[in-house]
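The next block holds one structure in the form of structure tokens; read it before the comments.
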Amino acid sequence: KSKMQTCLTLKKNHSFSPNEIMKFGKLTIFVGLPGAGKSTEIKKIRHLITGLCIEDFHANAFEDSPAVGHSRHFRALIEALRAGHDCVIADIRFCEPQGRKNLEHAICKEISAVCMEWKFFENDYAKCENNIYFRNPRTPEPALAKLKEFAPKYVIPDGTRTIPIWQHA
């Protein structure tokens, strides 16, 4: 099974040369439920990334909006990618296929050609729940509510190799 990598272009019937695509940074997106290990994975690779590493892309969005362009990190992400810096983001909203489409659409409106790699964590409610209790023993309720909300919506594309859920020792 393979990773899901797409090189997106603004113009449907226009092919960009590898040099045109390579002048922009690559965007890696980690997708997984609360407690899956997205933040842990980003921390592992942060030293390799020349651009932004955002663990919760939609947190504290303008007007508390789920719109990609309302993320407080969106403009900085676009500028870093345009400057040729590789970036990494994660957010539970990308568990939903529409959330992924919205991200792709918003970025393609800003950058004519960009390479995006989607990395999906496995969908295991019990492991994520255990991690939430381990990570937040005093106040697990907000993360548990998000887990309950997004678990039924989490769709992993067929044929995608998943990352195992992080588990505490």
Quick check: do [X] and [Y] have side-chain heavy atoms less than 4.5 Å from each other?
{"X": "E55", "Y": "K38", "result": "no"}
{"X": "K119", "Y": "I29", "result": "no"}
{"X": "C115", "Y": "L27", "result": "no"}
{"X": "N131", "Y": "I165", "result": "yes"}
{"X": "T28", "Y": "K26", "result": "yes"}
{"X": "E96", "Y": "F150", "result": "yes"}
{"X": "P34", "Y": "I132", "result": "yes"}
{"X": "L103", "Y": "I89", "result": "yes"}

- F57 and F74 aromatic ring geometry - parallel, tilted or perpendicular at 30°/60° bounds: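 Rings of F74 and F57: perpendicular, as their planes differ by over 60°.
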- Measure the acute angle between the ring planes of F94 and W118, then classify it against the limits of 30° and 60° as parallel, tilted or perpendicular.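 Geometry flag for W118 against F94: perpendicular rings.
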Euclidean distance, [Y] [atom2] relative to [X] [atom1], rounded to 0.5 Å:
{"X": "L33", "Y": "K153", "atom1": "CG", "atom2": "NZ", "value": "11.5 Å"}
{"X": "F24", "Y": "I78", "atom1": "CZ", "atom2": "CD1", "value": "10.0 Å"}
{"X": "R46", "Y": "S39", "atom1": "CZ", "atom2": "OG", "value": "8.5 Å"}
{"X": "K44", "Y": "E41", "atom1": "NZ", "atom2": "CD", "value": "4.5 Å"}
{"X": "H47", "Y": "I49", "atom1": "NE2", "atom2": "CD1", "value": "9.0 Å"}
{"X": "R135", "Y": "N130", "atom1": "CZ", "atom2": "CG", "value": "12.0 Å"}

- Can K146 and E149 be said to form a salt bridge (Lys or Arg N to Asp or Glu O under 4.0 Å), step by step? CA-CA 5 Å; K146 291 292 186 187; E149 176 186 350; 3.7 Å; yes
Compare every heavy atom of [Y] with every heavy atom of [X], then report the nearest pair and how far apart it is.
{"X": "Y154", "Y": "F121", "answer": "OH-O, 2.5 Å"}
{"X": "C128", "Y": "L147", "answer": "CB-CD1, 3.9 Å"}
{"X": "R82", "Y": "E110", "answer": "NH2-O, 2.6 Å"}
{"X": "I42", "Y": "A90", "answer": "CD1-CB, 3.7 Å"}
{"X": "G51", "Y": "H85", "answer": "CA-CB, 3.6 Å"}
{"X": "P97", "Y": "V155", "answer": "CG-CB, 3.7 Å"}

- Message: The test is side chain to side chain contact (heavy atoms under 4.5 Å, CB included); show your working for I45 and V88 and say whether it passes.
- Response: CA-CA 9 Å; I45 64 169; V88 178; 3.9 Å; yes
Counting only N and O atoms by type, is there a donor-acceptor contact under 3.5 Å from the side chain of [X] to the main-chain atoms of [Y]?
{"X": "Y133", "Y": "L144", "answer": "no"}
{"X": "N136", "Y": "T139", "answer": "no"}
{"X": "R72", "Y": "A59", "answer": "yes"}
{"X": "D86", "Y": "T50", "answer": "no"}

- Task: Run the numbers on R161 and F120 for side chain to side chain contact (heavy atoms under 4.5 Å, CB included), then give the verdict.
- Result: CA-CA 7 Å; R161 182 178 62 219; F120 294 83; over 6 Å; no
- Item | Polar contact flag, side-chain donor to acceptor under 3.5 angstrom, T162-E122 |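 Not at all, the side chains of T162 and E122 share no donor-acceptor pair under 3.5 Å.
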- Criterion side chain to side chain contact (heavy atoms under 4.5 Å, CB included) against I107, the qualifying member of N102, V68, L77: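 With I107 as partner, N102, V68, L77 yield a single side chain to side chain contact (heavy atoms under 4.5 Å, CB included), made by L77.
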